[in-house]
Undergrad: 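Please find one structure pasted underneath; my questions will follow.
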Amino acid sequence: MLTTVLRGLAAASLAVLPLTLSTPAHAAETLPLSEAVSRLPVDAESRDGYDRDAFRHWNSGDDLADGCHTRNEVLIAEAVEPPTIGPRCRLSGGSWFLYYDQVEVTSASGLDIDHMVPLAESWDSGASAWTPERREAYANDQGAAASLVAVTARSNRSKADQDPAEWLPPAGEVHCRYVAEWVGTKLRWNLSADEAEVTALRETAAGCPDQSVTYELAP
């Protein structure tokens with residue numbers, strides 16, 4: 001599936017110009033976690049005016065021909081064993097390894113798709129000023145593998161809209177990865193972080209000297 005090939009790569013912006021070769025708008029950058037944290041804009045957060053419906057999701061996904069919405073495209077892309085895809089993109093079979101909990105799940109119906117940086121948190125951090133189209137792009141972002149993550153319903157409910165100052169995955173051994181993906185997502189979308197969040201990120205980063213962050217600015 002095209003979606004599977006393209007997850008983990010940001011969509012390139014192409015300009016049609018005579019006698020001119022098109023080039024990607026942004027190049028991916030890799031930084032040590034501690035340095036990546038230092039690049040986050042620091043600002044107070046506000047949830048004034050937030051409405052989850054301001055972020056249209058799930059939309060028709062990256063591959064309009066496959067008949068699957070974003071949620072199922074993510075599940076298909078993240079499957080350890082691919083599910084069978086039936087009419088109207090109904091999924092059956094397959095298996096998933098969920099890194100928040102370090103467990104394997106064999107039923108797509110038991111999974112949630114987590115926004116690495118929750119919609120409410122993104123609103124607090126800058127998305128309130130975006131256009132509806134950009135919020136939709138954020139809510140359905142498959143251009144970076146970490147943006148949308150298959151998780152257990154239990155972990156998704158537990159995390160809710162909390163940032164890493166308030167919540168980290170149940171499996172302690174994945175905290176470095178989780179924080180790196182959180183920071184990478186905020187950098188990708190130029191979202192800010194508040195003081196408490198930055199403090200928590202720095203504390204985690206101090207214990208993750210070998211962890212890097214790779215991100216590419218969203219189109």
Side-chain angles (χ1 to χ4, degrees), residues 7-11 24-48 50 55 74 78 98-102 112-130 134-135 137-151 155-219:
R7 274 183 63 83
L9 300 175
H26 305 290
E29 186 168 5
T30 299
L31 303 166
L33 176 55
S34 58
E35 183 178 345
V37 171
S38 72
R39 292 200 182 186
L40 289 172
V42 181
D43 201 357
E45 296 183 353
S46 172
R47 195 156 298 183
D48 290 350
Y50 172 67
F55 296 81
V74 173
E78 294 191 0
L98 310 180
Y99 94 83
Y100 287 11
D101 302 270
Q102 297 288 283
D112 283 355
I113 301 300
D114 179 44
H115 290 92
M116 171 56 63
V117 175
L119 301 181
E121 169 69 19
S122 73
W123 179 274
D124 302 349
S125 307
S128 60
W130 293 350
R134 189 156 183 80
R135 286 194 288 266
Y138 176 83
N140 297 275
D141 181 21
Q142 295 186 71
S147 294
L148 300 170
V149 187
V151 299
S155 280
N156 199 31
R157 305 299 186 273
S158 174
K159 175 180 174 178
D161 58 8
Q162 299 177 95
D163 68 31
E166 304 159 313
W167 188 90
L168 289 169
E173 62 267 35
V174 305
H175 287 181
C176 293
R177 172 184 173 181
Y178 178 82
V179 166
E181 293 183 350
W182 178 279
V183 173
T185 302
K186 285 218 158 179
L187 290 174
R188 172 171 169 76
W189 288 92
N190 194 30
L191 295 169
S192 64
D194 64 22
E195 291 285 359
E197 179 184 346
V198 169
T199 297
L201 294 173
R202 286 173 179 160
E203 289 174 354
T204 301
C208 306
D210 299 322
Q211 181 68 53
S212 61
V213 174
T214 298
Y215 74 96
E216 186 170 355
L217 293 176

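All heavy atoms count here, side chains included; hydrogens, waters and symmetry mates do not. We count residues from 1, following the sequence as given.
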Undergrad: Between the main-chain N or O of Gly207 and the side-chain N or O of Gln211, is there a donor-acceptor pair closer than 3.5 Å?
TA: no

Undergrad: Would you say the ring centers of Trp167 and Tyr100 fall short of 6.0 Å from each other?
TA: yes

Undergrad: Is there any salt bridge (charged side-chain N to carboxylate O under 4.0 Å, His left out) pair reaching into residues 157-168, and which pairs are they, with sequence neighbours excluded?
TA: Arg47-Asp161, Asp112-Arg157, Asp114-Lys159

Undergrad: Which atom names give the shortest non-hydrogen contact between Ala160 and Pro118, and what distance separates them?
TA: O-CG, 3.5 Å

Undergrad: Do Ser147 and Gln142 make a side-chain contact, defined as non-hydrogen atoms from C-beta onward lying under 4.5 Å apart?
TA: no

Undergrad: Does any pair with a residue in residues 156-198 pass disulfide bond (SG atoms under 2.5 Å apart), and if so which ones, sequence neighbours excluded?
TA: Cys176-Cys208

Undergrad: Knowing that exactly one of Thr204, Leu168, Val149, Val183 qualifies, which makes a side-chain contact (heavy atoms from CB on, under 4.5 Å) with Tyr178?
TA: Leu168

Undergrad: Closest approach of Ala145 and Glu78, non-hydrogen atoms and distance?
TA: O-OE2, 4.2 Å

Undergrad: Once side chain to side chain donor-acceptor pair (under 3.5 Å) is applied, do any residues pair with Trp130, and if so which ones, sequence neighbours excluded?
TA: none

Undergrad: Please give me the minimum heavy-atom distance between Asn140 and Leu148, naming the atom from each residue.
TA: C-CD1, 3.9 Å

Undergrad: Does the side chain of Ser122 come within less than 4.5 Å of Trp189's, by heavy atoms?
TA: no

Undergrad: Test of understanding: with side chain to side chain donor-acceptor pair (under 3.5 Å), list the residues that count as partners of Asp210, not counting sequence neighbours.
TA: none

Undergrad: Could you work out, with salt bridge (charged side-chain N to carboxylate O under 4.0 Å, His left out) as the rule, every residue matching Arg135, not counting sequence neighbours?
TA: none

Undergrad: Going by side-chain contact (heavy atoms from CB on, under 4.5 Å), name the residues that satisfy it together with Arg202, two or more places apart in sequence or in a different chain.
TA: Val37, Val198

Undergrad: Determine the minimum heavy-atom distance between Thr185 and Ala146, stating which atoms define it.
TA: OG1-O, 4.3 Å

Undergrad: Among residues at least two apart in sequence or on other chains, which ones pass side-chain contact (heavy atoms from CB on, under 4.5 Å) with Ala139?
TA: Phe55, His57, His115, Leu119

Undergrad: Within the 4.5 Å heavy-atom criterion, are Leu33 and Val213 side-chain neighbours or not?
TA: yes

Undergrad: Considering residues at least two apart in sequence or located in another chain, which fulfil the side-chain contact (heavy atoms from CB on, under 4.5 Å) criterion with Val174?
TA: Tyr99, Gln102, Pro169, Ala171

Undergrad: Please enumerate all residues that pass side chain to side chain donor-acceptor pair (under 3.5 Å) together with Ser155, with sequence neighbours excluded.
TA: Asp101, Thr152

Undergrad: If you round to the nearest 0.5 Å, how far is CZ of Arg188 from OG1 of Thr214?
TA: 12.5 Å

Undergrad: Apply side-chain contact (heavy atoms from CB on, under 4.5 Å) to Glu29 and list each qualifying residue two or more places apart in sequence or on a separate chain.
TA: Leu31, Arg39, Tyr215

Undergrad: Identify the two heavy atoms, one from Lys186 and one from Ser125, that lie closest to each other, and give their separation to 0.1 Å.
TA: NZ-OG, 3.0 Å

Undergrad: My understanding is that only residues two or more places apart in sequence, or in another chain, count here; which of them pass side chain to side chain donor-acceptor pair (under 3.5 Å) with Trp182?
TA: Glu197

Undergrad: Hydrogens and angles aside, do Asp43 and Ser192 bring a side-chain donor and acceptor to less than 3.5 Å of each other?
TA: no

Undergrad: For Ile113 and Asn156, work out which heavy atoms get closest and say how close.
TA: O-ND2, 4.4 Å

